[in-house]
Visitor: 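Sharing a structure below in structure tokens format, with a few things to ask.
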Amino acid sequence: MGAKKNLRARVTELRELIRLHDRKYYVDHVPEISDGEYDALMAELVGLEREHPELVTPDSPTQRVGGAPTEGFRTVEHAVPMLSLDNTYSPEELLAFDAGVRKRLPDEPVEYVVEPKLDGVSISLRYVNGRLDVAVTRGDGTRGDDVTANIRTIRSIPTSLPGRLGVTEMEVRGEVFMPRSGFERLNRRRESNEEPPFVNPRNAAAGSLKLRDPGEVAGRPLEAFFYQIVGGGASRVATHLEAIERMRAMGFPVSPDITLAPHVEAAVEKCLEWDDKRRGLDYDIDGMVVKVNSLEQQERLGSTAKSPRWGIAYKFPAEAVRTVVSDIVVQVGRTGKLTPVAVLEPVFVSGSTVSRATLHNQDEIERLDVRVGDTVAIEKRGEVIPKVVEVVKSRRRGRPRRFRMPATCPACGEPVVRPSGEVDTRCENVSCPEQVGGRIRHFASRGAMDVRGLGSALVRQLVSEGLVGDYGDLYALKAPDVTALPRMGERSAENLLAELEESKRRPFARVLHGLGIRHVGARVAQVLAQSFPGMRELASASEGDLADIEEIGPVIAASIRSFLGSSRNAKALRKLEEAGVNMRGDLGRRRKTALAGLTVVLTGTLVRRTRHEVAAAIAEAGGRVSSSVSSKTDLVVVGKDPGSKHTKALKLGIRTMNEAELERLLE
Ligand code: IVH
């Protein structure tokens, strides 16, 4: 009994010693004992565990490379979605970000933190009772892959947390990356083994985390920095910097380059400084991240569906690469716009091969004076299509001809027009096959109706065979029509029809987005779906009614009106309606609430929730938020320091209430 107790104590002690020295070596980079001494500790622990397998725990340092190869990775849902950051590319955009933050936090001091944006793979780690429970990749932001066994092999990541700071449950997020030196070594090794080298450290890190065999991952030089505590574990931590310190104290590796910026100007300066300084790091960073320091302010700022409002990425200017323009072709978009595109000799830029770049319009071509055969510098910024930055005139040979926009549409042959004062040249033939196809592709796209299996090639066939003239015709397709197309089996035809059938039930907002109304993207479509019960009501709204809605300006309002006013569009809409495509929003189905049908105006600062959230809650309850007070307004909600809208409401005798009263109504 006593011997067993001693044994247990020694095992615990060895594990703690090994963890301590792992941390000194891998995280702090100040080893205190020799490799020989470390190996002796490990050997003793391995020996004891071998003799007493009942003492082995998953977080024991001996178990880092313990897992057997996996078949595939289990999918795990994130408790809190893993969002991404919005990108900025200039000091002006950073100032605009700050202006947005301070507009939502009026009259409050706001401090920022600036830190490197690591170019790796994001990861979320959950610890339960102080032990690493599960490590999940970002995936699609909602769910990712369980890569726990692979993460355990990274020596700098603690598999257990120090007892006195231990919390029952905690989640931390950060970035796994491969240092440049390790990347070079790995690639040299791969080349001598005649394996294909990795393109860049980011791909190498991502590829390593996806390996099925943790034993192989253990040989990959991976590191990680953590930058966020999610949910529990952050209690008694008031700022981002304190959260970083807390993580450091718990043994997590954190970036040594995280600094406070008392105001946005200081943050901008730091971002610019690092464009140069980053060359001194042994790992790639593709920008800096600017975050609001106060966690309480972060919480009040909240997030959009995609990204937090409290932080933003500043991307370093991309390095330009040279290549040759082998042709200039013209594409016709779904709105009829003609876009000249440079066909390039393929070249590798920021992580991928590029063979086309947009030239936008005739004016841009003239500004650049780009001609076929020219050597050009191209740049890729973030996810967007590469851009031709300049022509290298010294490399021009002979006198290549200037490019001219064609006088007729390359797709349908009709004359094109360029209205005076506008930069775009358009094909105005609504039946132009490229436009027809483009509108259908947009309708079926992922963000809209998400009809899988309806790709570009199939759309082109359907249009050229005369089977569909607009998206309304999709729902009249019959199996024999589809099977008769080249390369179309019975099976795929059936799948397509089943997909179309299913798409009829998509939310109203997606249907609205799919219609392809100019200026109506996913967000505006959502606002419209929250403001009108269904298509009928939307179709009978005047331009003024539309422009009154928060987030919808006169340009969008006019565009919606003009779309709905066209008989061609009305016909396509009727086909959708007759086919049974969903034309009602949640509003159109909801029971009556106190706010149902009311037009509400918000004025002054709301403190309980952001304006956005309040507007969404009002819409949810059947009301409509409008931006200006008029005789049509039913209710004005008065926040702190209200403006002229309050005075106007009083003058017009419109009912007013404060934020607390509104909240009660919403309940
Ligand atoms: S904060 C939005 N800080 O950049 C979630 N992200 O699009 C908060 N990244 O997916 C992220 N370095 O993988 C944050 N210091 C840093 C970062 C960082 C790299 C990655 C992260 C995220 C992406 C943002």
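Position 1 is the first residue of the sequence, and the numbers go up from there. Order of appearance sets the numbers: ligands from 1, and atoms from 1 within every ligand.
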Visitor: Which of the atoms of ligand 1 are close to Ser84, meaning less than 4.0 Å from one of its heavy atoms?
Guide: 2 (C), 7 (O)
Visitor: Are Leu301 and Glu299 packed together at the side-chain level, in the sense that at least one heavy-atom pair is separated by less than 4.5 angstrom?
Guide: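 Result no, sub-4.5 Å side-chain heavy-atom pair not found.
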Visitor: Can you find a heavy atom in the side chain of Thr605 that is under 4.5 Å from one in the side chain of Pro106?
Guide: yes
Visitor: Relative to atom 7 (O) of ligand 1, which among Leu118, Leu85, Ile312 owns the nearest non-hydrogen atom?
Guide: Leu85
Visitor: Are side-chain heavy atoms of Arg138 and Ser84 found at a separation under 4.5 Å?
Guide: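 Arg138 vs Ser84: side chains touch.
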Visitor: List the closest protein heavy-atom neighbour of atom 10 (O) of ligand 1: residue, atom name, distance to the nearest 0.1 Å.
Guide: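 Ranked first by proximity to atom 10 (O) of ligand 1 is Ser122 OG, 3.8 Å.
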Visitor: In a check of side chain to side chain contact (heavy atoms under 4.5 Å, CB included) between Leu161 and each of Arg19, Arg131, Met170, which one passes?
Guide: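 Of the listed options, the one satisfying the test is Met170.
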Visitor: Within a distance under 4.0 Å of any heavy atom of Pro308, pick out the atoms of ligand 1 and give their elements.
Guide: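 Within the 4.0 Å cut-off of Pro308, ligand 1 contributes 2 (C).
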Visitor: My understanding is that we take every heavy atom of each candidate and find the minimum distance to atom 3 (N) of ligand 1. Doing that for Met82, Gln228, Lys291, which one comes out nearest?
Guide: Lys291
Visitor: Contact between Pro116 and ligand 1, counting heavy atoms under 4.0 Å?
Guide: yes
Visitor: Donor-acceptor check, side chain of His263 to backbone of Ala266, threshold 3.5 angstrom: yes or no?
Guide: yes
Visitor: Do Ser90 and Glu93 have a side chain donor and acceptor closer than 3.5 Å?
Guide: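 Side-chain D/A pair, Ser90 to Glu93: present.
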Visitor: Have a look at ligand 1 and work out which part of Lys117, if any, has a heavy atom under 4.0 Å from it: side chain, backbone, both or neither.
Guide: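 Both backbone and side chain of Lys117 come within 4.0 Å of ligand 1.
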Visitor: For atom 22 (C) of ligand 1, which of Trp310, Phe225, Tyr227 has the closest heavy atom?
Guide: Tyr227
Visitor: Starting from atom 5 (C) of ligand 1, find the nearest protein heavy-atom neighbour and note its residue, name and distance.
Guide: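 Protein heavy atom with the smallest distance to atom 5 (C) of ligand 1: Leu83 O, 3.7 Å.
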Visitor: To check your reading of the model: name the closest protein heavy atom to atom 20 (C) of ligand 1, its residue, and the distance in Å.
Guide: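 Looking only at protein heavy atoms, the one closest to atom 20 (C) of ligand 1 is Glu175 OE1, 3.5 Å.
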Visitor: Could you tell me how the ring of Tyr127 sits relative to the ring of Phe252: parallel (under 30°), tilted (30 to 60°) or perpendicular (over 60°)?
Guide: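 Ring orientation of Tyr127 relative to Phe252: perpendicular.
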Visitor: Going by the atom numbers of ligand 1, which of them fall below 4.0 Å from some non-hydrogen atom of Glu115?
Guide: 3 (N), 15 (N), 16 (C)
Visitor: Any salt bridge linking Arg300 with Glu296? Criterion: basic side-chain nitrogen under 4.0 Å from a carboxylate oxygen.
Guide: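 Yes, Arg300 and Glu296 are salt-bridged.
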Visitor: Which of the atoms of ligand 1 are close to Val289, meaning less than 4.0 Å from one of its heavy atoms?
Guide: 3 (N), 15 (N), 16 (C), 17 (C)
